[in-house]
Amino acid sequence: MQSTALTLSPLTPLLRPLNKNPNHRYGSLWNLSSLKPLGLLRSINGLSFQKASHLFSCSRFNARRINESFLISDGRCDGFKVRATPVPGNIGDTNDSSGLATSMQLGAMFAIWYILNIYFNIFNKQVLKVYTFPATVTAFHFGCGTLMILTMWASNLYHRPKLTRSQLAVIIPLAIVHTLGNLLTNVSIGRVNVSFTHTIKAMEPFFTVLFSVLFLGEWPTFWIVFSLIPVVGGVALASFTEASFNWIGFCSAMASNVTNQSRNVLSKKFMVKNEETLDNINLFSIITIISFMLLVPAAILLEGVKFSPSYLQSAANQGLNIRELCIRSLLAGFCLHSYQQVSYMILQMVSPVTHSVGNCVKRVVVIIASVIFFQTPVSPINSLGTTLALTGVFLYSKAKQLKPKPKGGESLKVAE
C-alpha cells in the first residue's frame, strides 16, 4: 500500500505498487520485516612575609614536586621547622568518581558507534536494493561527509588543518584507494546480503599482515599467523554455504579489503615521515573531501547523471518513492560519517588493541542485526563459518598485544 505519511522508520517501503506496467525495471514492491588530585596545602604558621621569603631562598630548604604540587620536606632554616600538611583523605574518592564517569562516557560512545553503524547498513542496503547505482550512492555519502566536515571547521568544533604540498601529494593516493574501498563495499552490499559482506570483510587482518610484510617489512608473530587460520577458514566456509552468493558481490568485498588495508599500511609508511603529521580526524576529513571530488565525475562517467530531477521524476513514475529514497540516502551518509568520527574519539580514549576488539564486536552486532532485520536465511554451516571468522578476528586483536609496537606507531584506522 502506498504510504501517505513520511516516516523515518527503516520499515517504510521505498517502492510504490503500480496498477499499470507491473513489470517495470525497478521490480515488485519490496516489503521489509519488521580537580586532578587535590593540591597539597602548604602553610608556615607564625611567619612574616619577609621571613617566609627568606626561608624560601635558603639554600638548605628542600622541596620536591609531586602531582603538580610542591611538597615541602622537613628541614630547618634559621631555626624554623617546615612540615608538609597531610593530603586530604577524599582524593581517592575523587579519582573513583572520575573513573566511573569516564567508563560511563566510553560505554555510551561504544553504544552510539554500534547503533549508527547498524542504521547505516540498513539504510544503505535499502537504497542500493532499489537504486542500483553504487558509484552515485557512494559519491552522495562522501558529499554528506564533506558538508559535515566543512560545517565542523566553520563552526570551530574542530581545528582546521593547514596543508602543505608535500602532505597533499601523500594524501591524494590514500584518497584514491579510500574511494575505491568504499565504492567496492557498496557494490558488494548491493549484490549480496549485508551479513555476508561483513563476513568477507572479516578477512581484513589477513591483508593487513600481508601488506605489512610486503611494504613495511614487519613480520608477524606465531600467534598472529595462528589467529588468521580461523579467519580464512571461516570466510571460506561461509562463502560455500551463502544463499545470496555471487561472484561480483564476493570479489568486490574482497577487493575492498585489499584497498582498505593497503590504504592503512601506506598511511603508516608515508605519514610518519612528515614531522607535521595530521591527526587521524583531520586526515580522514581531507581524504573524504578529496574522495568526493574524485568520485563525482567518475560516477557520472560510469553511470550517467542518475540524481537529476528529470531522472528522479521518471523513476517516480515507475513506482520509486523518491522522497523516501532521498531521506534514507541522507541518513545513510550522516550515519556513515558520524560513526567514523565517534570511532576516532574512542580511539583517542583507549588503546588501539581495545579499539580493534571493539571493532570486532561491532561487526558481530551488525551481522546479527542485519540478519534479524532483513530476515536473512542462515544455515548452520554458514553460521559456523561466520563465527569462526569473527573468532579469528578477535584472536588476532588479542595477539597484537603480544607483538612489540613498531617505531612507526599506528596506521590510519578507518572504521567501516
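For reference, positions follow the sequence shown, starting with 1.
- The closest side-chain donor-acceptor pair between Ser195 and Ser370, if any, does not fall under 3.5 angstrom.
- For Leu163, the CG atom is densely surrounded, since the number of other residues' heavy atoms within 6.0 Å is greater than 12.
- A donor-acceptor pair under 3.5 Å is absent between the side-chain atoms of Ser338 and the main chain of Cys335, judged by distance alone.
- Taking the six-membered ring for Trp, His337 and Phe120 have ring centres at least 6.0 Å apart.
- Of the N and O atoms on the side chains of Thr138 and Asn186, at least one donor lies less than 3.5 Å from an acceptor on the other residue.
- No donor-acceptor pair under 3.5 Å is formed between the side chain of Tyr339 and the backbone N or O of Tyr119.
- Ion pairing between Glu204 and Lys201 holds under the 4.0 Å rule for side-chain N and carboxylate O.
- Counting non-hydrogen atoms of other residues, nucleotides and ligands closer than 6.0 Å to CZ of Phe226 gives a total of 12 or fewer.
- Within a 6.0 Å sphere centred on CZ of Phe334, other residues, nucleotides and ligands contribute 12 heavy atoms or fewer.
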Legend entry - Verdict with reasoning, Phe123 to Ile327, per side chain to side chain contact (heavy atoms under 4.5 Å, CB included): CA-CA 9 Å; Phe123 289 130; Ile327 289 174; over 6 Å; no
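- Listed for the Ser188 side chain is no donor-acceptor partner under 3.5 Å among the backbone atoms of Leu184.
- Every ring pair (Phe, Tyr, Trp, His ring centres under 6.0 Å) that Phe142 has, sequence neighbours left out, goes to His178.
- Judged by distance alone, the side chain of Ser155 and the main-chain N or O of Thr151 form a donor-acceptor pair under 3.5 Å.
- Under the side-chain contact (heavy atoms from CB on, under 4.5 Å) rule, Leu336 has a single partner from His141, Met148, Gln341, which is His141.
- Ring geometry for Phe250 versus Phe196: interplanar angle under 30°, hence parallel rather than tilted (30 to 60°).
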Inset, instruction - List the steps and the verdict of side chain to side chain contact (heavy atoms under 4.5 Å, CB included) for Val305 and Tyr311. - result: CA-CA 8 Å; Val305 182; Tyr311 180 84; over 6 Å; no
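- A donor atom on one side chain and an acceptor atom on the other are found under 3.5 Å apart for Asn117 and Asn121.
- Using a distance-only test at 3.5 Å, with no hydrogens or angles considered, a donor-acceptor pair links the side chain of Ser252 to the main chain of Gly249.
- Judged by distance alone, with hydrogens and angles left aside, the side-chain atoms of Thr259 form a donor-acceptor pair with the main-chain N or O of Ala255 at under 3.5 Å.
- Qualifying ring pair (Phe, Tyr, Trp, His ring centres under 6.0 Å) partners for Phe110, counting only residues two or more places apart in sequence or in other chains: Trp113.
- A 4.5 Å side-chain heavy-atom check between Leu301 and Pro297 finds every atom pair outside the cut-off.
- Using a 4.5 Å heavy-atom cutoff, the side chains of Glu242 and Asn382 are in contact.
- Heavy-atom neighbours of Met349 CE from other residues, nucleotides or ligands within 6.0 Å: above the threshold of 12.
- Between the side chain of Asn193 and the backbone N or O of Thr376, no donor-acceptor pair lies under 3.5 Å.
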Legend entry - Chi angles and distances behind the side chain to side chain contact (heavy atoms under 4.5 Å, CB included) call for Phe133, Leu128: CA-CA 7 Å; Phe133 306 106; Leu128 288 169; over 6 Å; no
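- Proximity of a side-chain donor or acceptor of Thr241 to a complementary backbone N or O of Leu237 within less than 3.5 Å is detected.
- Other residues, nucleotides and ligands place more than 12 heavy atoms under 6.0 Å from the CH2 atom of Trp153.
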